[in-house]
Amino acid sequence: MPSSQKIPRKIIVVGAGIIGASIAWHLARKGASVTVIAEKAGGEATPNSFSWINASWGNPEFYFRLRHRSMAEWSRLAREVPGLPLSWCGSLCWDMPEAELDAYLAQHHGWGYDIQPVNHAAIAAIEPNLADPPAFAVHVAEEGAVEPVAAANLLLEDAVRHGATLSYGTRVTRLLQTNDRVVGVETADGPLLADHVVLSAGAGIVPLAASAGVDVPLDTPPGLIAHSRPAPRLLNGLVMAPGLHMRQTLEGRIIAGSDFGGTDPGINPQRAAEDLLAKVGSMLHGSDGLELDFHTIGYRPTPKDGFPIIGGVDGVPGLYLAVLHSGVTLAPIVGLLASEEIIGAQSRAELAPFRLSRFAKTGE
Ligand SMILES: Cc1cc2nc3c(=O)[nH]c(=O)nc-3n(C[C@H](O)[C@H](O)[C@H](O)COP(=O)(O)OP(=O)(O)OC[C@H]3O[C@@H](n4cnc5c(N)ncnc54)[C@H](O)[C@@H]3O)c2cc1C
């Protein structure tokens, strides 16, 4: 950084999930004085995530580009933070009609994604334990997964080595303002002042932003993930089959949802988890001893139009927002670009489509 650039003296990051951890890590590495305040270490949505890192189907090109770049940024983080539990295990997908699969393949291949068509024999070679491999699927070797709580904690531990302070078990009750400028936060333990406040509080962002008169349009749909007890290796990578997305964690647990965003918990979440694990069992050879251990229900922080909200807020200096679904995929790029905007005080063009102000423009 040029010596003429002024680093904000003190930055408060609210939230210690994967987004707050990445932002705090990037800020601390750039020399800022960072205090992370969070009720819960490791986050709220983060521990309940499927944690697939991808730039897969269903997104417009500008969002694909951000996601694809973040995949590369995960490799950078893994180089800089030893022991990050990241696995580029690849994914197999046949979770849509063949015509849609063909269209996804053609589009993403054209965008430079490492996506390949695979036949029955190739699928069986990639995942030898699939009981009934389909005739056709796509394979994306460059997709992967991370164990998100361990990753967040490692980033925060490294941020501490670079001078950051962590305050866990602390609830932020509101933002403090002087005139319109955000100058700190009120916590259950008293006020804390700062030059800049970053709200990376997941679903908890809504009341905090509202305390400064800022409306964050957010949905928080629930998603249930079933976790097996640790088992011998049955899966090599991620499997996206119709009605069942699954992967095996580094610890050996098979985790599964009816899709990566989790299953609707319904009125009987335990039953939903048992059904998921039964489906896993029926799809995999060698799964005889596989047992359900527990299930999680997470609330996905999802801006109303589905895209991330990242950036400052017009008319409210000192405040920075970062709330998104696909936060596990996007944490490295969000941390990198947000830290550059906060410290460099310069807008990054890559984030232009993701400002809160888009909602005011469309009236959404
Ligand atoms: C079932 C499910 C499946 C998912 N699958 C994927 C996937 O496959 N790939 C992917 O990329 N993403 C996936 N996601 C989304 C991803 O997990 C989230 O986008 C991400 O975890 C959000 O992280 P975060 O740090 O923003 O929020 P969180 O993890 O929710 O952390 C919020 C933090 O803010 C703190 N906080 C909130 N309010 C306050 C307050 N008032 N005072 C103090 N602290 C506060 C909390 O204590 C916590 O530390 C999934 C999510 C779910 C639930």
Side-chain angles (χ1 to χ4, degrees), residues 12-24 35-56 59 66-67 70-71 74 91 143-149 151-153 155-156 166-175 185-189 192 197-211 218-227 238 240 245-247 255-265 295-303 306 308-310 321-335 338:
I12 292 172
V13 175
V14 182
I18 195 68
I19 297 297
S22 178
I23 293 175
T35 301
V36 178
I37 306 178
E39 279 189 284
K40 201 168 155 213
E44 288 288 346
T46 301
N48 302 320
S49 183
F50 185 67
S51 300
W52 172 29
I53 300 172
N54 73 87
S56 192
N59 292 310
L66 190 77
R67 301 174 72 107
S70 200
M71 291 164 71
W74 263 117
S91 81
E143 289 179 359
V146 69
E147 304 315 333
V149 174
N153 289 337
L155 287 167
L156 288 168
L166 309 182
S167 175
Y168 290 153
T170 306
R171 180 170 180 73
V172 174
T173 52
R174 67 182 176 98
L175 296 171
V185 297
E186 184 72 49
T187 75
D189 302 331
L192 199 66
V197 175
V198 179
L199 291 183
S200 42
I205 198 170
V206 175
L208 293 177
S211 72
L218 199 72
D219 288 325
T220 53
L224 178 149
I225 301 284
H227 293 242
L238 295 121
M240 278 59 188
H245 291 187
M246 59 182 169
R247 72 178 180 93
I255 67 170
S258 54
D259 75 13
F260 63 90
T263 298
D264 181 347
H295 67 266
T296 55
I297 300 175
Y299 294 85
R300 298 183 280 138
T302 312
I309 295 171
I310 309 164
L321 309 177
V323 62
L324 53 152
H325 188 255
S326 294
V328 173
T329 296
L330 291 167
I333 192 70
V334 170

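Order of listing sets the numbers, starting from 1, for every ligand and every atom in it.
- In terms of protein heavy atoms, atom 41 (N) of ligand 1 is closest to V172 O, 3.0 Å.
- A distance-only check finds no donor-acceptor pair linking the side chain of S51 to the backbone of E147 [under 3.5 Å].
- In terms of polar-atom proximity, defined here as any N/O pair under 3.5 Å, L224 makes no such contact with ligand 1.
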key: Intermediate values then yes/no, side chain to side chain donor-acceptor pair (under 3.5 Å), T187 and R171   = CA-CA 6 Å; T187 75; R171 180 170 180 73; over 6 Å; no
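- Looking at ligand 1, you won't find any N or O of V14 less than 3.5 Å from one of its N or O atoms.
- In this structure, the protein non-hydrogen atom closest to atom 26 (O) of ligand 1 is I19 CG1, 3.3 Å.
- Of the candidates Y299, F260, W52, F260 brings a heavy atom nearest to atom 3 (C) of ligand 1.
- The two residues P303 and L218 come nearest to each other via the heavy atoms N-CD1, 3.5 Å.
- Of the heavy atoms in V323, none comes closer than 4.0 Å to ligand 1.
- Checking side-chain atoms of W52 against main-chain N and O of E143 turns up no donor-acceptor pair under 3.5 Å.
- An N or O contact shorter than 3.5 Å links A16 to ligand 1 by distance.
- Using a 4.0 angstrom heavy-atom cutoff, T296 does not count as in contact with ligand 1.
- Among the atoms of N48, none of the N or O lies under 3.5 angstrom from an N or O of ligand 1.
- Protein heavy atom nearest atom 47 (O) of ligand 1, with residue, atom name and distance: K40 N, 2.9 Å.
- For ligand 1, the polar-atom distance check finds no N/O of G298 at less than 3.5 Å from any of the ligand's N/O atoms.
- Between G223 and ligand 1, no pair of N/O atoms sits closer than 3.5 Å.
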request  = For the pair L156 and V36, evaluate side chain to side chain contact (heavy atoms under 4.5 Å, CB included) and give the outcome as yes or no after the intermediate values.
outcome  = CA-CA 9 Å; L156 288 168; V36 178; 3.9 Å; yes
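- Residue contact check: G43 has heavy atoms under 4.0 Å from atoms 29 (O), 31 (O), 48 (C), 49 (O) of ligand 1.
- Using a 4.5 Å heavy-atom cutoff, the side chains of T296 and L224 are not in contact.
- Taking the six-membered ring where tryptophan is involved, the planes of F50 and H245 are tilted, since the angle between them lies from 30° to 60°.
- By the criterion of a heavy-atom distance under 4.0 Å, neither the backbone nor the side chain of A21 is placed next to ligand 1.
- For ligand 1, the atoms sitting less than 4.0 Å from at least one non-hydrogen atom of L324 are 19 (O), numbered in the order shown with element in parentheses.
- Distances from atom 22 (C) of ligand 1 to the heavy atoms of P301, G204, G202, G17 put P301 nearest.
- Under the 4.5 Å side-chain criterion, counting only non-hydrogen atoms from C-beta, P308 is in contact with L330.
- Not one N or O on the side chain of R300 forms a donor-acceptor pair closer than 3.5 Å with the backbone of T220.
- The closest donor-acceptor contact from the side chain of D219 to the backbone of P221 lies at 3.5 Å or more, if one exists at all.
- For ligand 1 and S326, the ligand atoms under 4.0 Å from any heavy atom of the residue are 10 (C), 11 (O), 12 (N), 15 (C), 19 (O).
- Checked against a 3.5 angstrom limit, the closest N/O atoms of I18 and ligand 1 fall inside it.
- Of the protein's non-hydrogen atoms, T46 OG1, 2.9 Å is the one closest to atom 21 (O) of ligand 1.
- In this structure, atom 39 (C) of ligand 1 lies nearest to the protein heavy atom E39 OE1, 3.9 Å.
- Not one N or O on the side chain of T46 forms a donor-acceptor pair closer than 3.5 Å with the backbone of E44.
- Scanning the protein for heavy atoms near atom 11 (O) of ligand 1, the closest one is T329 N, 2.8 Å.
- Nearest protein heavy-atom neighbour of atom 35 (C) of ligand 1: G15 CA, 3.8 Å.
- The backbone N or O of I333 lies less than 3.5 Å from a partner atom in the side chain of S70, making a donor-acceptor pair.
- Judged by distance alone, with hydrogens and angles left aside, the side-chain atoms of R247 form no donor-acceptor pair with the main-chain N or O of I255 at under 3.5 Å.
- In terms of polar-atom proximity, defined here as any N/O pair under 3.5 Å, G42 makes no such contact with ligand 1.
- Using modelled atom types, one finds no donor on one side chain facing an acceptor on the other under 3.5 Å when comparing S326 with T329.
- Between N54 and ligand 1, no pair of N/O atoms sits closer than 3.5 Å.
- Between the side chain of S200 and the backbone N or O of V14, at least one donor-acceptor pair lies under 3.5 Å.
- Checked by distance only, ligand 1 and G262 stay at 3.5 Å or farther apart across all their nitrogen or oxygen atoms.
- Nearest protein heavy-atom neighbour of atom 53 (C) of ligand 1: R300 CG, 3.3 Å.
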